[in-house]
Amino acid sequence: MNYDPFILGTRSGWQVSNQAAVWLNKGRRPRLEEGHPWIYANEIAKTEGEATPGQLVEVRDHRGLLLGTGYWNPASQITVRMVAYGPLDKMDTEFFRKRFERASAHRTRFLGEETSCRLVYGEADFLPGLVVDRFNDILVVQVLTLGMEIAKEDWLRALIEVFAPSGIYERSDVGVRTLEGLEERTGVLYGVCPRHVEIVENGLKVQVDIEGGQKTGYFFDQRENRASIKPLVRGWGARSGIKLAERLSEESGVIEMVPVNEKGSIVAFPYWDGATVLECFAHTGSFTLHACNYGAKKVTCLDISEHALQTARHNVEINGFTDRVEFVAADAFEYLRQQVAGRDERQTRANAKEAGVKVDTSKPLTAEGKTWDVIILDPPAFAKTKRAVEGACRGYKDINLQAMKLLNEGGYLVTASCSYHVRPELFLETILDAAKDAGKIIRRIEWRGAGKDHPQLAGVEEGHYLKFGIFEVRSRKDL
């Protein structure tokens with residue numbers, strides 16, 4: 001009888017011939033039983049048999065009870081990564097085919113007709129160390145562990161069988177490979193892989209650079225979060241004195257509702273009700289695209305990388321939003337501080353003028369002192385390790401504080417952190433500290449994580465890395 005170790009469970013008495021075994025400490029925390037697939041070196045009491053790095057080993061508790069099977073790497077602090085909760089003698093093509101089919105079924109159920117998404121998300125798809133993103137018919141893979149490196153021939157064959165891609169490109173250019181004793185590597189694994197691939201997300205065209213873009217070229221984890229900004233982008237016309245009024249159409253002779261300004265003149269600009277938006281750390285400009293699509297009046301798209309902005313410009317152009325987007329190549333921290341300084345100088349001059357004090361206007365302002373209705377902060381991870389958390393929180397507080405100062409009254413802060421080590425409660429606390437120092441009261445509108453193609457395995461906190469929030473921001477003195 002053939003057993004599927006993924007479905008069956010742990011049974012004492014199962015044996016796998018000619019396979020080494022690791023025995024776990026008696027006093028260890030039962031993380032494995034709680035769903036965590038990692039076993040650290042300090043949790044292992046002994047090894048039985050001839051274990052080969054990268055190959056499968058049995059995992060047993062201190063009594064000898066079989067808990068499952070994982071692949072072993074003594075060079076890594078994460079010494080065993082579980083792949084089955086029962087016996088498994090090999091990770092062959094058939095093994096990977098079944099896992100890929102399950103991963104595909106999950107995406108089909110929750111993403112429907114989306115042709116581009118994260119297909120395989122490591123541990124959360126019970127394939128630790130392997131990440132696969134699909135960009136139409138091109139797959140981009142990331143191999144993070146020795147076990148998956150050794151099994152490459154089998155999972156590559158299974159990927160081709162299950163998904164029938166026209167090309168597979170490897171982006172294993174990540175530092176964590178060194179912890180597994182592996183070198184970084186990129187290149188074509190199968191078929192033909194163009195450097196740039198155009199995908200569609202939420203109805204928008206997005207060009208992805210699979211060779212030079214960050215990670216695998218695009219961040220699918222924010223798909224649903226990008227769509228969630230839709231309600232923020234419209235409803236700002238009244239602030240400018242624009243409202244809808246009845247007018248007789250000269251062409252049709254029918255009474256229509258049209259936008260008019262305070263003088264009663266018809267406003268011809270089609271995005272009169274849209275927000276002004278700033279997207280920082282824009283990368284490919286994905287939030288910019290969504291803001292424009294939902295009706296933004298004007299968007300400032302900012303990134304420190306000119307290469308990233310080139311991609312963002314192209315994406316804006318192919319979607320027909322060029323006339324509403326300005327691009328800024330700058331450090332977000334410095335840019336925000338400069339705008340706050342410019343805003344403060346303007347306010348100081350205005351206050352002095354009201355008080356009848358002569359103001360020297362010949363001296364140029366530090367910066368324009370721009371403000372926006374919506375500000376989006378989607379930075380890269382500030383904390384790669386636990387030791388970096390304190391500094392990361394200072395960084396998160398700084399950008400969120402400056403952003404709150406630059407929001408128009410009643411505006412919206414869209415803010416995210418992808419630093420796993422900055423836990424959700426700490427990130428929220430940091431945002432609250434920023435609001436306090438900025439003299440703001442904030443209301444939480446959204447609090448989300450990664451999208452449905454990034455499922456979260458219960459018991460694995462490391463997979464709960466993305467924090468995404470939307471906050472309404474108002475001044476204390478105006479309430």
Side-chain angles (χ1 to χ4, degrees), residues 201-202 204-208 213-214 218-234 236 271 274-340 368 370-380 382 395-396 398-408 411-418 431 445-446 448 466-471 473:
E201 178 185 273
N202 298 325
L204 292 160
K205 300 175 184 177
V206 182
Q207 185 190 77
V208 177
Q214 294 180 30
Y218 191 66
F219 298 112
F220 283 122
D221 54 0
Q222 294 270 36
R223 179 203 314 270
E224 288 92 333
N225 298 337
R226 287 188 274 263
S228 73
I229 71 170
K230 184 176 182 178
L232 315 181
V233 179
R234 300 290 297 273
W236 300 93
Y271 304 103
T276 55
V277 179
L278 167 64
E279 180 190 8
C280 296
F281 310 98
H283 190 216
T284 55
S286 52
F287 275 102
T288 290
L289 298 180
H290 284 74
C292 287
N293 191 45
Y294 298 143
K297 180 190 299 182
K298 188 75 175 180
V299 181
T300 302
C301 182
L302 181 147
D303 198 281
I304 196 170
S305 165
E306 185 56 49
H307 174 267
L309 286 181
Q310 287 176 5
T311 302
R313 284 191 185 94
H314 178 81
N315 288 334
V316 166
E317 187 175 314
I318 61 178
N319 284 281
F321 301 145
T322 305
D323 59 333
R324 286 183 284 150
V325 181
E326 64 171 352
F327 297 91
V328 177
D331 175 86
F333 288 88
E334 186 60 29
Y335 181 81
L336 292 172
R337 284 193 288 264
Q338 286 180 352
Q339 297 305 318
V340 169
E368 295 174 88
K370 287 185 176 181
T371 59
W372 292 268
D373 300 319
V374 179
I375 296 180
I376 301 165
L377 305 175
D378 185 20
F382 288 167
Y396 287 124
D398 186 11
I399 56 172
N400 281 280
L401 186 151
Q402 306 303 331
M404 288 184 203
K405 290 181 177 180
L406 295 172
L407 278 169
N408 294 324
Y412 292 93
L413 173 68
V414 180
T415 184
S417 165
C418 60
I431 295 169
I445 309 301
E446 292 270 9
R448 309 159 66 105
L466 182 62
K467 287 78 60 180
F468 174 88
I470 297 177
F471 299 86
V473 181

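None of these values were measured; they are calculated from a predicted model.
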Task: Min side-chain heavy-atom separation Glu279-Thr300 under 4.5 Å - done: no

Task: For Ser228 against Glu446, the heavy-atom pair lying closest together - done: CB-OE2, 4.1 Å

Task: Rounded distance [0.5 Å steps], CD1 in Ile304 versus NE2 in His283 - done: 14.0 Å

- [ ] Run the numbers on Glu368 and Gln338 for side-chain contact (heavy atoms from CB on, under 4.5 Å), then give the verdict.
- [x] CA-CA 8 Å; Glu368 295 174 88; Gln338 286 180 352; over 6 Å; no

Task: With Glu224 via salt bridge (Lys or Arg N to Asp or Glu O under 4.0 Å) - residues at least two apart - done: none

- [ ] Give a yes or no on whether the ring-centroid distance for Phe219 and Phe281 is below 6.0 angstrom.
- [x] no

Task: Inter-residue atom distance Cys418.SG - Asp221.CG, 0.5 Å rounding - done: 7.5 Å

TODO: Only counting residues at least two apart or in another chain, list the ones meeting salt bridge (Lys or Arg N to Asp or Glu O under 4.0 Å) with Arg223.
DONE: Glu114, Asp453

TODO: Grab the two heavy atoms, one from Leu336 and one from Cys280, that are nearest each other, plus how far apart they are.
DONE: CD2-SG, 4.3 Å

TODO: To the nearest 0.5 angstrom, please state how far the CG atom of Asn202 sits from the NE2 atom of His290.
DONE: 3.5 Å

- [ ] Walk me through it: do Ile375 and Leu406 pass the test side-chain contact (heavy atoms from CB on, under 4.5 Å)?
- [x] CA-CA 8 Å; Ile375 296 180; Leu406 295 172; 3.9 Å; yes

- [ ] Establish, yes or no, whether a centroid distance under 6.0 Å links the rings of Phe333 and Tyr335.
- [x] no

TODO: Could you check if a side-chain atom of Phe471 sits within less than 4.5 angstrom of a side-chain atom of Thr415, using non-hydrogen atoms only?
DONE: yes

Open item on the list: Using every non-hydrogen atom in the two residues, find where Ala275 and Val374 come nearest and quote the distance to one decimal.
Closed with: CB-CG2, 4.1 Å

TODO: Under the side chain to side chain contact (heavy atoms under 4.5 Å, CB included) rule, collect the residues that match up with Glu317, sequence neighbours excluded.
DONE: Thr322

Open item on the list: Measuring from atom CD1 of Ile399 to atom CE of Met404, what distance do you get when rounded to the nearest 0.5 angstrom?
Closed with: 10.0 Å

Open item on the list: I want to know whether Phe382 and Tyr396 have ring centres closer than 6.0 Å.
Closed with: yes

Open item on the list: Check whether Asp373 reaches the backbone of Gly411 with its side chain - one donor and one acceptor, N or O, closer than 3.5 Å.
Closed with: no

Open item on the list: Measuring from atom CD of Gln207 to atom OH of Tyr218, what distance do you get when rounded to the nearest 0.5 angstrom?
Closed with: 12.0 Å

Task: Minimal non-hydrogen separation, Leu302 against Leu309, with atom names - done: C-CD2, 4.4 Å

TODO: Could you tell me whether the side chain of Arg448 reaches within less than 4.5 Å of the side chain of Lys467, counting heavy atoms only?
DONE: no

Task: Closest non-hydrogen atom pair, Asn225 against Phe287 - done: O-CE2, 4.0 Å

Task: Selection residues 299-328 - residue pairs positive for ring pair (Phe, Tyr, Trp, His ring centres under 6.0 Å), sequence neighbours left out - done: none

- [ ] Can you see which heavy atom on Ile318 is nearest to which on Lys205, and at what distance?
- [x] CD1-CB, 3.7 Å

Task: Modelled atom types, side-chain donor and acceptor of Asn315 and Thr284, under 3.5 Å - done: no

Task: Donor-acceptor contact present, side-chain Asn400 to main-chain Ile431, <3.5 Å - done: no

Task: Pairing of Glu326 and Lys370 as salt bridge, 4.0 angstrom limit - done: yes

Open item on the list: Counting C-beta onward and ignoring hydrogens, is there a side-chain heavy-atom pair between Val316 and Leu289 closer than 4.5 Å?
Closed with: yes

TODO: With Arg324 as the cation and Tyr271 as the aromatic partner, state whether NZ or CZ is under 6.0 Å from the six-membered ring centre and within 45° of the axis.
DONE: yes

Task: Beyond-backbone contact of Leu407 with Thr371, side-chain heavy atoms, under 4.5 angstrom - done: no

TODO: Take Trp372 and Gln339 through the test side-chain contact (heavy atoms from CB on, under 4.5 Å) and record every step on the way to the result.
DONE: CA-CA 11 Å; Trp372 292 268; Gln339 297 305 318; 4.2 Å; yes

Open item on the list: Quick one, Leu413 and Ile376 - any side-chain contact, counting heavy atoms below 4.5 Å?
Closed with: no

Task: For Glu334, salt bridge (Lys or Arg N to Asp or Glu O under 4.0 Å) partners two or more places apart - done: Arg337

Open item on the list: Between Arg313 and Glu306, is the salt bridge (Lys or Arg N to Asp or Glu O under 4.0 Å) condition met? List the steps.
Closed with: CA-CA 10 Å; Arg313 284 191 185 94; Glu306 185 56 49; 2.7 Å; yes

Task: Under the salt bridge (Lys or Arg N to Asp or Glu O under 4.0 Å) test, residues paired with Asp303 that sit two or more places apart - done: none

